[in-house]
Protein chains: 2
Amino acid sequence: MVKRVRGSRTGRPIMVLLDLLGRRWVLRIVWELRDGPRRFRELQDAIGASPTIVNTRLAELREARLVELDAAAGYRLTVLGRELLRLFLPLHLWSEKWARATGVA
Amino acid sequence: MVKRVRGSRTGRPIMVLLDLLGRRWVLRIVWELRDGPRRFRELQDAIGASPTIVNTRLAELREARLVELDAAAGYRLTVLGRELLRLFLPLHLWSEKWARATGVA
DNA sequence: CTCCGTTACTACAATTATTGTAGCGTCAAT
DNA sequence: ATTGACGCTACAATAATTGTAGTAACGGAG
């Protein structure tokens, strides 16, 4: 069961998902795994967060069946995780449009 | 300029965007605005966060040109905000599949 | 067998973010 | 004058995150 300490006490899947994805570093971790498995430290260095929180988030993502640890290769997206990532890929292109439109990034 | 106190010090649009969307309540606020404008308090009640943080997040979202305040109607998504929301809509359906697959929500 | 590097991960104090409660200032209607 | 809706702020209490250090398990080289 994914903890929902924060908002969305309704238990509706979309709320639980938005809650999970809205936790610091979660989106970023999923994003960093887009091209294949990464080691714990490698991931930690890539995003620049503390090992404590990287480990916490990885545990949450594993519990949510979005990420798994392969002893030989490192952390990687599960089938579900890759599906989710696919939904997010359009963000990449859109973010550049957004940046141009706002001068914000 | 969107602050990037947290991760993503690269300045790449996708990183800035993931950082912004990864802040607590941001995804939820965008989601709550999907059906039209909401008043400050209404929004606050809907998500159950403190007025302090709701106001902080709304300010960030306004700076990012994703949300705007219409004095007559309340807070609402801008054109860019609606584009972003459209990218997120598939999450709704997928979240139910995810919930069934994991028993997690 | 021991030393060395790599692995995932934990301990813990310091710092930062968020909450919860109360309330302010403005405006419009009564 | 009062009331109510509105966006928003102050501030102390609590929770989340960081940064640094270090643990424990494993595998290969000497």
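By convention in this document, chain letters (A, B, ...) are assigned in the order of the sequence lines, proteins followed by strands, and residues within each chain are numbered from 1. Basis for what follows: all heavy atoms, side chains included, without hydrogens, waters or symmetry-related copies.
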key: Length of the line joining B:Leu43:CG and D:dA5:P, which is rounded to integer Å   = 18 Å
key: Atom pair CD1 (B:Ile14) and CZ (A:Arg28), whose distance is rounded to the nearest 0.5 Å   = 10.0 Å
query = How long is the span from the CG atom in A:Leu33 to the CG atom in A:Leu43, to the nearest 0.5 Å?
reply = 5.5 Å
Report, one line per pair, each donor and acceptor closer than 3.5 Å where one atom sits in a side chain of residues 45-54 of chain B; sequence neighbours left out.
| from | atom 1 | to | atom 2 | distance (Å) |
| --- | --- | --- | --- | --- |
| B:Ser50 | OG | B:Ile53 | N | 3.3 |

key: Separation of atom CD1 in B:Ile53 from atom P in D:dC11, rounded to whole Å   = 18 Å
ask   = A:Asp19 CG to D:dA15 C1': how many Å, rounded?
value = 15 Å
key: Whole-Å gap separating P (D:dT17) and CD1 (A:Ile47)   = 12 Å
remark   = From CZ of A:Arg23 across to P of D:dT17 the rounded distance in Å is 9 Å
Write down the protein N/O and nucleotide N/O pairs, taken from nucleotides 6-8 of chain C, whose separation is under 3.5 Å; answer none if there are no such pairs.
| from | atom 1 | to | atom 2 | distance (Å) |
| --- | --- | --- | --- | --- |
| C:dA8 | OP1 | A:Arg39 | NH1 | 3.4 |
| C:dA8 | OP1 | A:Phe40 | N | 3.0 |
| C:dA8 | OP2 | A:Phe40 | N | 3.2 |
| C:dA8 | N7 | A:Arg41 | NH1 | 3.0 |
| C:dA8 | N6 | A:Arg41 | NH2 | 3.4 |

message = For A:Glu96, give me all partners under salt bridge (Lys or Arg N to Asp or Glu O under 4.0 Å), at least two apart in sequence or on another chain.
response = none
request  = Mind checking B:Thr56 for me? I need base, sugar-phosphate or nothing, with any heavy atom below 4.0 Å counting as a touch.
outcome  = nothing
query = Within this structure, what is the CZ-to-P distance between B:Arg28 and C:dT18, rounded to whole angstrom?
reply = 16 Å
request  = Please determine if a side-chain N or O atom of A:Trp25 lies less than 4.0 Å away from the OP1 or OP2 oxygen of D:dA16.
outcome  = no
inquiry  = My understanding is that only residues two or more places apart in sequence, or in another chain, count here; which of them pass side chain to side chain donor-acceptor pair (under 3.5 Å) with B:Glu42?
reply    = B:Arg38
ask   = Has A:Arg57 got a side-chain N or O lying under 4.0 Å from the OP1 or OP2 atom of D:dT17?
value = yes
key: Results of side chain to side chain donor-acceptor pair (under 3.5 Å) for A:Trp94 - residues two or more places apart only   = B:Glu83
task = Can you sort out the partners of A:Asp35 under side chain to side chain donor-acceptor pair (under 3.5 Å), two or more places apart, ordered by chain and number?
result = none
inquiry  = If you only use heavy atoms from C-beta on, which nucleotide in D:dA16, D:dT18, C:dA22 is closest to the side chain of A:Thr52?
reply    = D:dT18
ask   = Atom CD of A:Gln44 to atom C1' of D:dG19: distance rounded to whole Å?
value = 10 Å
inquiry  = Rounded to whole Å, please give me the gap between CG in A:Leu58 and C1' in C:dT10.
reply    = 14 Å
